Amino acid sequence: MVTQVMRYNSAIIDFQRKRGGDSIAFFVPFLTRDMDLLDVGCGPGTITAGFADVVRTVTGLDLEPKAIAAANQMVATAGHANLGFVAGDMTSLPFEDGSFDAVFFHAVLYHLDAAKLRQTLAEALRVLKPGGLIATRDADAGGNVIYPETPGILLSLDLWQRWYEHSSNDAVYFGRRQGAVLRSHGFVPVWSGASHVNHSADAPTRRETVEDAKRSLESLAEGLVQRGLADRQEIETALSAWDRWGSDPDAVYLRCRCECVATAPRV
């Protein structure tokens, strides 16, 4: 699919690199140096790399070969000896039963339909050791805070939602349901919380946010038009809206991310 090929554009990789530590912070207190961790749906590995200084070994897995190529290039530069990446399907993990002490999903599960979600979590349970940990961090649009909430800004957010082809209308509210989802698939939730990604802390942050948002939209523009998901006028309107948002000294943009940690059953 075009979505899989285009998902790891440079704008998104740059953003993930800036925010990688924030993305794993909730899980780090549960981890120890003698653990082996699997990051499922790791993309270009910019978030995965944050675990290298926390656990014994880190393995990132993604279906998209271009993502794995980008991740391996990053490893070659960073030089983490305990960090590796493999191409594979999350619904059929290429690992033995009980291979990992921890499994991590970041912005992955809310994209899945019910059947694929069931297969993916069954595989996560299979490769976890008894009592092992699973952590999930996913979006919940209901917790986002943006001001001023102009029609152009709302259009911009909608364009991103169109691109990622969520499996159902309520997928953007998946974050709040993570504990219930994990429990229904055999895990035992032990902690839940949420955090906001702050895109408006000060003037430099707002400028960076505008640059990131515009580069991301521009990189997706051709695909959105080709697939009939947007027209050029909508894209131009969204781009202009970010310029106006960034010029407002009181502008606010906080993106909500819900977080959950659960355990696999002990034998």
Side-chain angles (χ1 to χ4, degrees), residues 1-19 22-23 43 47 106-113 137-178 193-259:
M1 291 177 61
V2 177
T3 303
Q4 292 297 323
V5 174
M6 295 289 291
R7 184 175 174 183
Y8 307 108
N9 62 76
S10 60
I12 294 174
I13 291 174
D14 287 346
F15 177 79
Q16 289 179 337
R17 185 176 294 111
K18 296 168 190 171
R19 302 290 182 175
D22 295 341
S23 300
I47 293 174
H106 186 274
V108 172
L109 299 181
Y110 79 137
H111 292 290
L112 308 182
D113 60 30
R137 187 174 192 254
D138 252 313
D140 196 300
N144 291 344
V145 178
I146 192 160
Y147 174 85
E149 196 176 70
T150 65
I153 287 293
L154 294 179
L155 171 62
S156 174
L157 301 180
D158 184 55
L159 291 177
W160 279 312
Q161 299 301 338
R162 296 179 202 177
W163 176 255
Y164 285 109
E165 295 183 327
H166 297 295
S167 60
S168 64
N169 291 334
D170 65 348
V172 293
Y173 303 109
F174 182 84
R176 68 189 65 184
R177 296 186 286 111
Q178 288 176 107
S195 58
H196 280 88
V197 182
N198 188 350
H199 298 280
S200 53
D202 49 30
T205 302
R206 286 192 294 274
R207 287 195 296 271
E208 185 177 77
T209 295
V210 171
E211 293 170 1
D212 284 342
K214 292 179 67 175
R215 284 193 299 145
S216 177
L217 284 170
E218 288 167 347
S219 70
L220 301 178
E222 184 178 354
L224 284 166
V225 172
Q226 287 180 346
R227 292 164 57 190
L229 298 175
D231 58 41
R232 294 287 180 184
Q233 184 58 52
E234 286 182 303
I235 293 167
E236 290 303 319
T237 297
L239 291 170
S240 298
W242 279 108
D243 285 326
R244 289 192 294 274
W245 179 90
S247 66
D248 187 336
D250 298 317
V252 173
Y253 183 24
L254 309 174
R255 288 199 306 165
C256 180
R257 292 292 180 265
C258 293
E259 302 152 346

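Just the heavy atoms: all of them, side chains too, but no hydrogens, waters or symmetry mates, feed the values below. A quick note: this is a predicted structure, and the numbers were derived from the prediction, not measured.
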Residue pair [X] / [Y]: nearest heavy atoms and the distance that separates them:
{"X": "H199", "Y": "R255", "result": "NE2-NE, 3.1 Å"}
{"X": "I153", "Y": "A241", "result": "N-CB, 3.6 Å"}
{"X": "A238", "Y": "L155", "result": "N-CD2, 4.3 Å"}
{"X": "R257", "Y": "A139", "result": "NH1-CB, 3.4 Å"}
{"X": "G152", "Y": "T237", "result": "CA-CG2, 4.3 Å"}
{"X": "R137", "Y": "S195", "result": "NH2-OG, 3.0 Å"}

With side chains defined as the heavy atoms from C-beta onward, is the minimum distance between [X] and [Y] less than 4.5 Å?
{"X": "Y253", "Y": "V210", "answer": "no"}
{"X": "R227", "Y": "W163", "answer": "yes"}
{"X": "V197", "Y": "D22", "answer": "no"}
{"X": "K214", "Y": "D243", "answer": "yes"}
{"X": "L159", "Y": "L220", "answer": "no"}
{"X": "L154", "Y": "D158", "answer": "no"}

Value for CD (E234) from CG (L217), rounded to nearest 0.5 Å, stands at 11.5 Å
One should read off an interatomic distance between E222 CD and Q226 CD, to the nearest 0.5 angstrom, of 4.5 Å
* To do: Might you confirm whether atom CD of E149 has over 12 heavy atoms from other residues, nucleotides or ligands at distances under 6.0 Å?
  => no
**Q.** E236 versus S240, side-chain donor and acceptor atoms under 3.5 Å
**A.** no
I'd like to know if the side chain of [X] reaches the main chain of [Y], judged simply by a donor and an acceptor atom lying under 3.5 Å from each other, with no hydrogens or angles considered.
{"X": "N144", "Y": "C256", "value": "yes"}
{"X": "Q161", "Y": "V172", "value": "no"}
{"X": "S23", "Y": "I47", "value": "no"}

| message | The test is side-chain contact (heavy atoms from CB on, under 4.5 Å); show your working for Q178 and L109 and say whether it passes. | response | CA-CA 9 Å; Q178 288 176 107; L109 299 181; 5.7 Å; no
Audit row: D248, R244, salt bridge (Lys or Arg N to Asp or Glu O under 4.0 Å) steps and yes/no:
CA-CA 7 Å; D248 187 336; R244 289 192 294 274; over 6 Å; no
(Q) Is it the case that the ring center of W245 lies less than 6.0 angstrom away from the ring center of W242? (A) yes
Item to complete: Take S200 and T209 through the test side-chain contact (heavy atoms from CB on, under 4.5 Å) and record every step on the way to the result.
Response: CA-CA 8 Å; S200 53; T209 295; over 6 Å; no
